[in-house]
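Structure record follows, encoded as structure tokens.
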Amino acid sequence: MTKVLAPKYNPKEVEDGHYSFWEERKYFHSEPDSSRKSFTIVIPPPNITGVLHMGHALNTIIQDVLIRWRRMEGNNTLWMPGTDHAGIATQNVVEKSLIQNGLKREEMGRKRFLDAVWQWRDEYGSTIIKQLKKLGSSCDWERERFTMDEGLSAAVREAFVRLWEKGLIYRGKYIINWCPRCQTALSDDEVDHETHDGHLWYIKYPFRDEPHLSMTVATTRPETMLGDVAVAVNPEDERYKEFVGETLVLPVVGREIPVIADAMVDKAFGTGSVKVTPAHDPNDFEISLNHGLEPVVVMEGDATMSKDAGEYAGMDRYECREALVEELRHRGSIAKIEPHTHSVGHCYRCRTVIEPRLSDQWFVKMKPLAETAIKATHEGLVTFHPARWTKVYLDWLENVRDWCISRQIWWGHQIPAWHCKDCEEVNVARTTPTTCSKCQGANLEQDPDVLDTWFSSALWPFSTLGWPEDTEELKNYYPTNVLVTDRGIIYFWVARMVMMGLEMLGSVPFHKVYIHGTILDELGRKMSKSMGNGIDPLDMTERYGVDAVRMSLLLLTTEGQDIKLSESKFEMGRNFTNKVWNATRFILMNLEGQTPPPLSATKDAALSFEDKWILSRLNLAIGTTTAELERFRFNDALRTIYEFFWHEFCDWYLEIIKPRLYEPVNEEDKAVARSVLVHVLQHTMKLLHPFAPFLTEEIWQTLRENFRENGLLEEGVIIASWPVAERRDRDIEKTMELLQEIVRSLRNIRRNLDIPDKQPLSAIISAHAKTAVQLLEQHSGFLKQMAIVEDLDIGHDLSKPRSSASAVVGSLQVFVPLSGVIDIDVEKQRQQKRITELDSYLEKVRKKLSNKNFVEKARADVVENERSRETELSEQISKLRQILTDLEK
RNA sequence: GGGCGCUUGGCUCAGUGGCUAGAGCACUUGCUUCACACGCAAGGGGUCGGUGGUUCGAGUCCACCAGCGCCCACCA
């Protein structure tokens, strides 16, 4: 008994069921298997604090398409999932929630706080994973990893120790980026620069020996003058040469500071003389090293002024700025204040203005690592898609600075270094040491800092596969094939993975990097929580269905271009899911519960014209879809299927075969049509499966339920094989094009002359060539049916009946005699318009052909093509002119 | 300051130097036709930001310009 489908596709009814079905069948699971080609993607691990947004959705859907497609192709496919502990972000979130319960991190202590974070993680950390599943992600969930789980933590330690042993990790006192709110160091990449409208304060520093004279320095941060230890000028600067070596007195503070010469000073900026604040500015720190100056720290970690700030101690940095400027103004020390636009660093996690701070930190020496990565990239071992990102990535590697990896937070991988309290030796070890390697003392204390989250992320492609153990997984799945991500983390993540992969395993972690576009709102702005301009992907899946969301996004995904998204875009996908659903419904209804023989059992001779045509087009669609997927052209791949299914299969094939189904000339012909229907449906469902897994699975299973016994579903119960393109028949495709054109021209006449859709026409088609007459006669049934023509007269050089509408199709003429009233003016207008149109084409063609250079230099086939176009166009025009003349009689 | 991307019909976007520049949405007209009004059929609408160049031929390559956007930079 045939299952009757509802007239509308209802995604909600089927989605959950199919997902758990796939999981139960272990459809997503992969085991190492050296006999098969593997295809691996590691997911960009979302933060455990994350909530799914459109960016994740797009990223995930793209990976799922690639994975499902390659799986269907027969690869041993692994999509490795997991989450990232996201050090600072998570610590911030948990701290906030604890504060609501009156709990402060500092009061709780490290151990209790970390317990609370783990608890939070167990409770909320898998939210995003559930959301990824909702989208249909076919990850191997049995292998899910977390950057802080045991195995990955071991990998982090191993990597750290190896780098330390090679001298690629060092510790020291430097100026780093400090977030006063998160109270931790950040790497250069974790600082977002924004342009601010600020001021440039010009402050006069008097000479000690001649207090009525002074040097003027310009600064954007007057409060840091409390920590000034010198004034520097360029050694080449004639204006100041004579002052080098003199002593100035720092206003308000009263400290005596020297005038020094340093090439780092830009003569052209400000006054050409600059205050030197080593503890609070990276350049000044460098200058101080060259000149042996002792830094004066005037600010604490929370951006309040320190005791060395004298009377300003305890004030917030901006409060201090205001008070100090007021004081300077009062004393007459301000020469002038100018408006000044400059860029200000902000913490990428909390937006607080970054403070350069002098402190002890751990660093990775990047140059040697970068060089290896650059080399591997030049050798083509890693390619970017689109290719332009290669340059962005290489530029970063070439100018890379050392990476500050220590963070003064608690949530993360604590640095595997133990400080000996007796001899100050730093013991770096894979396992917790009990005695100092230098003095054998047992007074060891682990470094309190944790590692930058991106340190563990950099190991992700192999730590998730069991490294540093020598696992079967590593042998089978590493290097992975494709990395799919967004341009925002090329430096943070992609480049560092390449470096670490090469350093730890000696090979790149992936061969291709696909960088997809960013999802923007309707106005082209980034979607953000604070602006409230986001579109919630889960809300969209509720309203339109997962497959509709997937297909809509993929139809918008051109190679790497940003996507301006609005809710209405999802209608495109939903409409298509419904179209597919209804075509299936139609097919099932017309199979009447009977099982057609597989197409392979049907003789070619039994196939009719339209059968051969649709099969030829199917083969084209299969080939094109596959080729476009290879190139990461998701929109073109899906558009191919969309076009084929909707505008060829539904619009033409389903329509033309209706009589064969409803009033068949014989049962065999009906059975053949049914076989073709099922064949095309099955193959399109396969092609569509990576894009719309739920819909296609539902249809597949419905077919199976109905035809359990017939061998139509050769792969069993899950869509599991990718179709292979077979031969096309171009002659048939060409004939079809002609027939379609004739049908369209007849429909056009009908509409233009206001003939009701159902009223049958009489039509005459005149051809000059005998072969054309023959061909058309063969297909007269097709024409009659599709254009609703009752009497069709096809013949050699037939003449136009007196009162009739006409059209020229290729070398043919189509006439529709109209016994009743025919509006001559409408018909004349129609013909005139067409003549004008063709005339302009003809003009272009003639222009080309009259160009001697074109005829001589252009490819022969191009010239030949233009020649035949000229002939055809002029013939068409003259026929149309004749028609027009007749009308005027 | 440097780099990159974008500018094609009303809107959102495709478009591998040469098929009459396409699609979805919107629009117009006609259809409650027994798969689908989340539909069917027929249409209207752009000369591809500007200028110059390369070429037999440019939306497609090059240069410059303009507007929009993104990224990078030790702009005291």
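Proteins come first, then strands; the chains are lettered A, B, ... in the order of their sequence lines, and each starts at number 1.
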Can you see if the side chain of [X] gets near the phosphate of [N] - specifically, an N or O under 4.0 Å from OP1 or OP2?
{"X": "A:Y841", "N": "B:U47", "value": "no"}
{"X": "A:K569", "N": "B:A26", "value": "no"}
{"X": "A:N590", "N": "B:A35", "value": "no"}
{"X": "A:R869", "N": "B:U20", "value": "yes"}
{"X": "A:H647", "N": "B:C40", "value": "no"}
{"X": "A:T558", "N": "B:A14", "value": "yes"}
{"X": "A:W646", "N": "B:C40", "value": "yes"}

For [Y], is there an ion pair with [X] - N to carboxylate O distance below 4.0 angstrom?
{"X": "A:K12", "Y": "A:E542", "value": "yes"}
{"X": "A:K564", "Y": "A:E522", "value": "no"}
{"X": "A:R830", "Y": "A:E827", "value": "yes"}
{"X": "A:E567", "Y": "A:R543", "value": "yes"}
{"X": "A:K267", "Y": "A:D237", "value": "no"}

Which part of the nucleic acid does [X] contact within heavy-atom distance under 4.0 Å: base, sugar-phosphate only, or nothing?
{"X": "A:R834", "answer": "nothing"}
{"X": "A:Y662", "answer": "sugar-phosphate"}
{"X": "A:V217", "answer": "nothing"}
{"X": "A:D651", "answer": "sugar-phosphate"}
{"X": "A:D266", "answer": "base"}
{"X": "A:Y9", "answer": "nothing"}
{"X": "A:R401", "answer": "sugar-phosphate"}
{"X": "A:T219", "answer": "sugar-phosphate"}

What distance separates A:S187 OG from A:D402 CG, expressed to the nearest 0.5 Å?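 Result: 12.0 Å between the selected atoms.
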Atom OG1 of A:T224 and atom CE of A:M299: how far apart are they, to the nearest 0.5 Å?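 Between A:T224 OG1 and A:M299 CE, I get 7.0 Å after rounding to 0.5 Å.
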Looking at the side chain of [X], which of [options] is the nearest nucleotide?
{"X": "A:K579", "options": "B:G5, B:C36, B:U12", "value": "B:C36"}
{"X": "A:N283", "options": "B:C74, B:A76, B:C70", "value": "B:C74"}
{"X": "A:L654", "options": "B:C13, B:A35, B:G24", "value": "B:A35"}
{"X": "A:K391", "options": "B:G24, B:G3, B:A35", "value": "B:G3"}
{"X": "A:M264", "options": "B:C71, B:C74, B:A35", "value": "B:C74"}
{"X": "A:R744", "options": "B:A73, B:A42, B:C72", "value": "B:A42"}
{"X": "A:N578", "options": "B:A42, B:C36, B:C19", "value": "B:C36"}
{"X": "A:E866", "options": "B:C75, B:G43, B:U20", "value": "B:U20"}
{"X": "A:K857", "options": "B:C56, B:C71, B:G44", "value": "B:C56"}
{"X": "A:R585", "options": "B:C36, B:G39, B:C72", "value": "B:C36"}

Separation of the [atom1] atoms in [N] and [M], to the nearest angstrom:
{"N": "B:C6", "M": "B:G15", "atom1": "P", "answer": "10 Å"}
{"N": "B:U55", "M": "B:C62", "atom1": "C1'", "answer": "11 Å"}
{"N": "B:G44", "M": "B:U7", "atom1": "C1'", "answer": "25 Å"}
{"N": "B:G10", "M": "B:G5", "atom1": "C1'", "answer": "25 Å"}
{"N": "B:A21", "M": "B:U54", "atom1": "P", "answer": "25 Å"}
{"N": "B:G1", "M": "B:G59", "atom1": "C1'", "answer": "33 Å"}
{"N": "B:G22", "M": "B:G45", "atom1": "P", "answer": "13 Å"}
{"N": "B:U29", "M": "B:G67", "atom1": "P", "answer": "42 Å"}

In whole Å, what is the span from the [atom1] atom of [X] to the [atom2] atom of [N]?
{"X": "A:N575", "N": "B:C40", "atom1": "CG", "atom2": "C1'", "answer": "14 Å"}
{"X": "A:N10", "N": "B:A35", "atom1": "CG", "atom2": "C1'", "answer": "17 Å"}
{"X": "A:D757", "N": "B:U29", "atom1": "CG", "atom2": "C1'", "answer": "11 Å"}
{"X": "A:R751", "N": "B:U28", "atom1": "CZ", "atom2": "P", "answer": "16 Å"}
{"X": "A:Y642", "N": "B:G24", "atom1": "OH", "atom2": "C1'", "answer": "6 Å"}
{"X": "A:Q561", "N": "B:G69", "atom1": "CD", "atom2": "C1'", "answer": "11 Å"}
{"X": "A:E398", "N": "B:G3", "atom1": "CD", "atom2": "P", "answer": "15 Å"}
{"X": "A:R574", "N": "B:G39", "atom1": "CZ", "atom2": "P", "answer": "8 Å"}

Look at the rings of [X] and [Y] and say which category their plane angle falls in: under 30° parallel, 30 to 60° tilted, over 60° perpendicular.
{"X": "A:W396", "Y": "A:Y491", "value": "parallel"}
{"X": "A:Y642", "Y": "A:F576", "value": "tilted"}
{"X": "A:F492", "Y": "A:Y348", "value": "parallel"}
{"X": "A:Y514", "Y": "A:F634", "value": "perpendicular"}

Scan every strand shown for a Watson-Crick or G-U wobble partner of [N], both distances under 3.5 Å, and answer none if you come up empty.
{"N": "B:A35", "answer": "none"}
{"N": "B:A14", "answer": "none"}
{"N": "B:A66", "answer": "B:U7"}
{"N": "B:G45", "answer": "none"}
{"N": "B:G59", "answer": "none"}
{"N": "B:A26", "answer": "none"}
{"N": "B:U20", "answer": "none"}

Relative to the 5' end of RNA chain B, which residue comes earlier, A:R639 or A:R388, by the nucleotide with the nearest heavy atom?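 Counting from the 5' end, the first nearest nucleotide belongs to A:R388.
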Could you check A:L520 against A:V274 and say which one's nearest nucleotide on RNA chain B is further toward the 5' end?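 By nearest-heavy-atom nucleotide position, the 5'-most residue is A:L520.
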Taking only heavy atoms on the protein side, list every residue of residues 846-855 of chain A lying under 4.0 Å from any atom of RNA chain B, sorted numerically.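 A:N851, A:N853, A:F854 - these, ordered by number, are the residues of the stretch whose heavy atoms sit under 4.0 Å from the strand.
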Ring-ring centroid check A:H196 A:H340, cutoff 6.0 Å: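 No, they do not, as the ring centres are separated by 6.0 Å or more.
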